[in-house]
Asks: 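This is the structure I have questions about; it appears just below.
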Amino acid sequence: MAAAAASAMPYVGARAAEPLLIAIATPLTGSSGAMGLNGNRGAEIATAAINAAGGIGGRPLKFELFDDRGTPQDAATVAQRIVGDEDKYFAVCGHVNSSSTLAAMPIYADAGTPVLCPSSSNPSITEQGWKNFIRLTGRDDYGAQEYSGFMINNLKKKKLGIFFVNNDFGRGLRNEVVKAVNVLQGQLVAEGTFTPNVDRDFQPVIAQMKAAGVEGVMLMTEYTEGGLFLAQAKDAGLTGIPVVGPDSNLYDKYIELALGNAEGSYILAAYDPFSDSKLTQSFLAAYRAKYNSLASQVAVFTHDILWIVKEAVEKHGATRATLIDTVKAMNFTGVGGAYAWTAKGDTKNRTHFVLQVKGGQFVSTGVKIDETGLEALRKA
Amino acid sequence: MTANYLVAQLINGLAVGSVYALIGVGYSMVYTILYLINFAHGDVIMFGTMAALAFIGMGVPPVLALILGCVVGAALGLGVERVAYRPVRHAPRTVPMISALGAGLVISSVAQGLWGPDVMSFPQLIPRGTVSVGGFSLPAQPLVILAIAGVLVGVASLLLERTRWGRATRCVCQDLVAAELMGIPVNRLIPAIYAIGGLIGVAGCSLFAMYFNAVWVQMGALATTKAWAAAMLGGVGNFYGAFVGGLLLGLAEAAAVVFAGSLFKDGASLVIIVAVLLLRPNGLFGTAATQRS
């Protein structure tokens, strides 16, 4: 009895308190399943550290996982289940895929549930006027400008092909890439899309790109299809040209599935896994020690969200009702760098980091993206 | 549009189509005899392919592992017949369909439990890259896949045409009750058909996995749509029909990409199928399925 009490010492105050529950809504199965897995891992590391530091406002932190399978249908179901428990959950951390977030948000908005989103980047999400939402990743309109600027200004390739996933994330990116490429006087000469989770045959698109003589490929995909596309491209002899994609490809699986053809391809990441920051490096080291892989953007942002909640509650006295407004007014530095938010809930003053696959792993290039000519798109 | 581009698309279409055909044969055979869509088929062949991958992972030589995977598929086919079909054989037709659907869900859940939800890479047993044929630079792997699929279909059709077993199967197709009255061992033949469907299906699914370098738990669902569509197009009840239907579906998909863009790949090819079925409800090569009611 005495021993049990002693071992529970750090939580003496917290033990009486109910745990503070966060619902993490994320794809645990399906073709973006690894994103959810990464989110789960990031959350585990954060939760252990937060609880070791006394929990959140004296309450132990706990999270529960909800699998939205990366599809809007399941995301809506998950959202119903979460809000169905009234205010059992202090906040939602989710979803990952933009289509899922777009499908689930109206349900959370009606219920007034605060949502902190790690990685849905479709621009329209923060244009709907939802007051209960912030996100940590950048917007795709900005991302698309960066990817295009890098391909056209830095790599000097103008005749481009684009391959994009046919969901809100991919279509949004594609539309923004079209605008940016036009402004930068590049040319999109071949375009292909696919249904995630279903299509696996990319040969027809690859043949099209080859026939059009593309000089570079904008790979606006998630890691599974990104990797498979490159493997099939090798087959058809579409090799030796630069490939640029967002950090939804920043997974070991991308390199594995590409069968060697991911070598040399560029990933423009919304956080810098090679930053000098001690916070970043100690998290990445802990993550690697525990899971033997690179922490993805979803892992980092999920981790940071839990710490943001802690700071909002402890330093600024946020409640469930005031959480989002409190966070919008905060400046927070986490593993993913420094964050500040606009009134809409987008992050501001963040940039992309150019990584490349070399020797079968992701490395930093240290290259700065040349943004010449993009000013025209950024006035609004 | 260069000639090389068109020929490369043609080869891709034929290779994908031949894989649809191998998978579709299992549906077609069961449907012909029992008027039943075996909804477990997709999951059976997924499981066999996953098993082949697991055997390779254990160090079994790849070709042997693939054969073992086919055997697993055949055994699972037998199991589905025994557990989900035979006990409800005389029930209304929706009952065995639902029980097959249930069996498929069980199989896919077990697969996910064993191997996880991630897409896995499949060892490239057929070299990738391009070869030069008649002045065209063509992808090598689809050519090999097309050849293997052709051989498999050839062997299967020889079995069906030339052996006692094959003749008995065709009798059962024509009239199950009369065949039973004539002393054909229907209770041995039906499981055999499930098993053969599983065996050929796993072969097709493994080629599919190799071609796309991907194995995942939901890949069975793709089989249920594409391969079934291929079997319908060719005409269920005709072994060659399923094969030709598969090739045509593959070609239709490639054509849709060439002329309408990849966004329309599935839509355009399914429109073609609907159009064919409107004109020929029994499929291109189907014998009138109404001869038996």
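Values in this document were obtained by computation on a predicted structure and should not be read as measured data.
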Asks: With a 4.5 angstrom heavy-atom cut-off, which part of N12(B) approaches chain A: side chain, backbone, both or neither?
Replies: side chain
Asks: With a 4.5 angstrom heavy-atom cut-off, is it the side chain or the backbone of L28(A) that approaches chain B, or both, or neither?
Replies: backbone
Asks: Determine, for E44(A) against R41(A), whether the closest basic-nitrogen to carboxylate-oxygen distance falls under 4.0 angstrom.
Replies: no
Asks: Looking at S18(B) and A149(B), would you say the former's side chain and the latter's main chain have a donor-acceptor pair under 3.5 Å?
Replies: no
Asks: May I have all residue pairs that pass ring-ring contact (aromatic ring centres under 6.0 Å, His included) and include part of residues 189-212 of chain A, sequence neighbours excluded?
Replies: F163(A)-F194(A), F163(A)-F202(A), F194(A)-F202(A)
Asks: Among K253(A), K210(A), K234(A), which residue has the highest count of heavy-atom pairs closer than 4.5 Å to chain B?
Replies: K253(A)
Asks: Considering only heavy atoms and a distance below 4.5 Å, find which of D201(A), I206(A), V205(A), L257(A) pairs most often with chain B.
Replies: D201(A)
Asks: With respect to S99(A), which candidate in V165(A), D168(A), N122(A) satisfies the side chain to side chain contact (heavy atoms under 4.5 Å, CB included) definition?
Replies: D168(A)
Asks: Suppose we screen for ring pair (Phe, Tyr, Trp, His ring centres under 6.0 Å). Which residues come up paired with Y147(A), at least two apart in sequence or across chains?
Replies: H352(A)
Asks: Let me know if N166(A) has heavy atoms under 4.5 Å from chain B in its side chain, its backbone, both or neither.
Replies: side chain
